[in-house]
Amino acid sequence: MVESFISRKDRIISSAIEIISDSGLSALTTRNLAIKENMSEALLYKYFGGINEVLIEVVDYYTRFDKQIRHTFMSKEGTNIQKLRDYLDAYATYYDNYYAISTLMLQYEELLHNIDVREKISWCITERQSFIADLFDKAIKEDEIIDMFTPEQLATNVTGVIMSHILNRRIVYHKKTFRQDLMGNIDKWFELLKKEK
């Protein structure tokens with residue numbers, strides 16, 4: 001019943017994300033997508049002009065969430081570290097609820113080689129890194145954390161922690177949720193960065 005409220009195009013995008021999550025980017029073909037959606041390839045072309053159009057929509061879907069969540073946390077009250085923690089917590093919660101989407105972080109390199117999505121994924125990565133680095137920069141300037149690392153190094157480290165947690169969950173079974181694992185690590189890391197008052 002609920003499925004009837006979801007457009008066919010949205011279901012195709014969701015199936016594309018699941019294919020990427022289950023089998024990698026190279027498995028995203030019109031044939032595999034049509035099979036997953038229980039439709040002919042010809043019908044698939046009614047919705048999308050080809051697999052690259054599907055991939056563009058997948059990346060758009062991913063970057064829309066990214067953009068919305070940044071806007072939400074830019075206007076929040078609190079310390080810069082608390083904003084950053086809440087931002088990462090929201091990501092972790094999103095990835096727990098829609099785990100297949102997290103695989104796109106592991107596909108960045110390959111996506112950057114696709115001319116149709118290179119600019120969009122590059123923008124997404126750059127904007128996220130800038131946002132995180134900016135919060136770290138403010139946290140350093142406002143004496144919330146030590147200045148042992150540059151804001152850019154800290155942003156790169158946070159992204160690396162997220163990616164390693166995503167990759168690890170694909171290899172090893174975990175009893176805890178992605179959010180519990182990631183935020184437990186992030187909280188310990190932030191504690192080490194905290195400036196003594």
Side-chain angles (χ1 to χ4, degrees), residues 1-72 87-129 131 159-182:
M1 183 67 111
V2 173
E3 236 176 75
S4 63
F5 294 107
I6 302 169
S7 78
R8 189 68 187 254
K9 215 171 173 179
D10 288 338
R11 286 199 313 262
I12 292 168
I13 292 165
S14 180
S15 289
I17 292 167
E18 287 174 24
I19 289 170
I20 295 167
S21 179
D22 293 343
S23 306
L25 200 54
S26 61
L28 183 61
T29 63
T30 52
R31 182 175 184 277
N32 288 344
L33 195 49
I35 290 168
K36 185 153 182 76
E37 275 298 300
N38 197 25
M39 63 168 54
S40 69
E41 283 185 73
L43 183 56
L44 182 62
Y45 282 102
K46 176 184 172 195
Y47 297 97
F48 295 97
I51 207 64
N52 276 350
E53 277 190 25
V54 174
L55 192 54
I56 289 166
E57 287 293 323
V58 166
V59 171
D60 278 345
Y61 178 88
Y62 181 69
T63 57
R64 265 194 308 272
F65 172 78
D66 214 57
K67 192 175 180 180
Q68 289 168 347
I69 199 168
R70 275 196 308 274
H71 284 296
T72 300
Y87 172 73
L88 296 171
D89 188 66
Y91 256 104
T93 301
Y94 180 55
Y95 285 172
D96 265 337
N97 291 323
Y98 189 18
Y99 188 64
I101 196 79
S102 68
T103 194
L104 289 180
M105 277 189 89
L106 302 178
Q107 305 291 329
Y108 281 168
E109 178 66 26
E110 200 168 343
L111 288 168
L112 287 169
H113 290 289
N114 182 309
I115 197 160
D116 294 315
V117 295
R118 177 185 302 139
E119 195 173 303
K120 287 176 186 284
I121 205 70
S122 178
W123 175 87
C124 181
I125 295 166
T126 305
E127 288 296 305
R128 181 186 296 159
Q129 288 294 100
F131 177 75
T159 302
V161 167
I162 295 168
M163 290 179 87
S164 68
H165 274 271
I166 290 170
L167 185 59
N168 184 267
R169 290 188 84 78
R170 293 188 170 277
I171 298 167
V172 180
Y173 171 77
H174 292 263
K175 289 183 181 178
K176 292 181 179 178
T177 65
F178 177 74
R179 179 178 173 262
Q180 289 170 326
D181 276 343
L182 177 68

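If you're wondering where the values come from, they're calculated on a predicted model, not measured in any experiment. Values below: every heavy atom of this structure, side chains too, minus hydrogens, waters and symmetry copies.
- Taken from CD in Glu110 to CG in Asn114, the straight-line distance is 8.5 Å, to the nearest 0.5 Å.
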Checklist entry - Between Arg8 and Met39, does a side-chain contact (heavy atoms from CB on, under 4.5 Å) hold up when you go through it step by step? => result CA-CA 11 Å; Arg8 189 68 187 254; Met39 63 168 54; 2.9 Å; yes
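- Closest heavy-atom contact between Leu33 and Ile51: CD2-CD1, 4.1 Å.
- Between Tyr45 and Thr30, some side-chain heavy-atom pair lies under the 4.5 Å cut-off.
- Counting heavy atoms from C-beta on, the side chains of Asp181 and Arg179 never come closer than 4.5 Å.
- The minimum heavy-atom distance between Lys120 and Val59, with the atom names listed, is CB-CG1, 3.8 Å.
- In this structure, CD1 on Ile121 lies 10.0 Å from OG1 on Thr126, to the nearest 0.5 angstrom.
- Leu25 contributes atom CG, which lies 11.5 Å from atom CG of Leu106 (distance to the nearest 0.5 angstrom).
- Under 3.5 Å, the side chains of Arg170 and Ser21 contain a donor-acceptor pair of N or O atoms.
- Residues Thr159 and Gln129 are in side-chain contact: their nearest non-hydrogen atoms beyond the backbone lie under 4.5 Å apart.
- Within 6.0 Å of the CD atom in Glu119, the count of heavy atoms belonging to other residues, nucleotides or ligands does not exceed 12.
- Here the shortest heavy-atom pairing between Asn32 and Ala27 reads ND2-O, 2.7 Å.
- With Glu53 contributing its side chain and Gly49 its backbone, the two residues share a donor-acceptor pair below 3.5 Å.
- Side-chain atoms of Lys67 and Glu127, non-hydrogen and from C-beta on, never get closer than 4.5 Å to each other.
- Contact record, Tyr62 with Cys124: CE2-SG, 3.9 Å, taken as the closest heavy-atom pair.
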Item to check | Stepwise side-chain contact (heavy atoms from CB on, under 4.5 Å) check, Leu55 with Leu111 | outcome: CA-CA 9 Å; Leu55 192 54; Leu111 288 168; 4.0 Å; yes
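- In this structure, Asp96 contributes its side chain and Thr177 its backbone to no donor-acceptor pair below 3.5 Å.
- Side-chain N or O atoms of Ser23 include none that pairs as donor or acceptor with a backbone N or O of Ile20 at under 3.5 Å.
- Cation-pi check for Arg64 over Trp123 is not met; the charged atom does not lie both under 6.0 angstrom from the ring centroid and within 45 degrees of its normal.
- For the residue pair Asp10 and Ser7, a side-chain donor N or O sits within less than 3.5 Å of a side-chain acceptor on the partner.
- In this structure a side-chain-to-backbone donor-acceptor pair under 3.5 Å is missing from Thr103 to Ala100.
- Note on Glu18 versus Lys36: salt bridge recorded, some NZ/NE/NH1/NH2 to OD/OE distance being below 4.0 Å.
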Checklist entry - Are Glu109 and His113 close enough, and set up right, to give a side-chain contact (heavy atoms from CB on, under 4.5 Å), and what steps lead you there? => result CA-CA 7 Å; Glu109 178 66 26; His113 290 289; 2.8 Å; yes
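- Once rounded to the nearest 0.5 Å, the distance linking CD1 of Ile12 with CD1 of Ile17 reads 12.5 Å.
- From Ile166, atom CD1 reaches atom CG of Leu182 across 8.0 Å, with rounding to the nearest 0.5 Å.
- Salt bridge annotation for Lys9-Glu57: absent, with no cationic side-chain nitrogen under 4.0 angstrom from a carboxylate oxygen.
- Side chain of Thr72 to main chain of Gln68: a donor-acceptor pair is present (N/O by atom type, distance under 3.5 Å, no hydrogens or angles).
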Checklist entry - Checking side-chain contact (heavy atoms from CB on, under 4.5 Å) for the pair Phe131/His71: CA distance, chi angles, key distance, verdict? => result CA-CA 10 Å; Phe131 177 75; His71 284 296; over 6 Å; no
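- Val58 approaches Ala16 most closely through the heavy-atom pair CG2-CB, 3.8 Å.
- Under a 3.5 Å cut-off, the side chain of Arg118 and the backbone N or O of Leu112 do form a donor-acceptor pair.
- Taking all atoms of both residues into account, the shortest heavy-atom contact from Met105 to Met163 is O-CE, 2.9 Å.
- Ring geometry for Tyr95 against Phe178 counts as tilted: the plane angle lies between 30° and 60°, on a 0 to 90° scale.
- Between the CD1 atom of Ile101 and the OG atom of Ser14 there is a distance of 8.5 Å, given to the nearest 0.5 Å.
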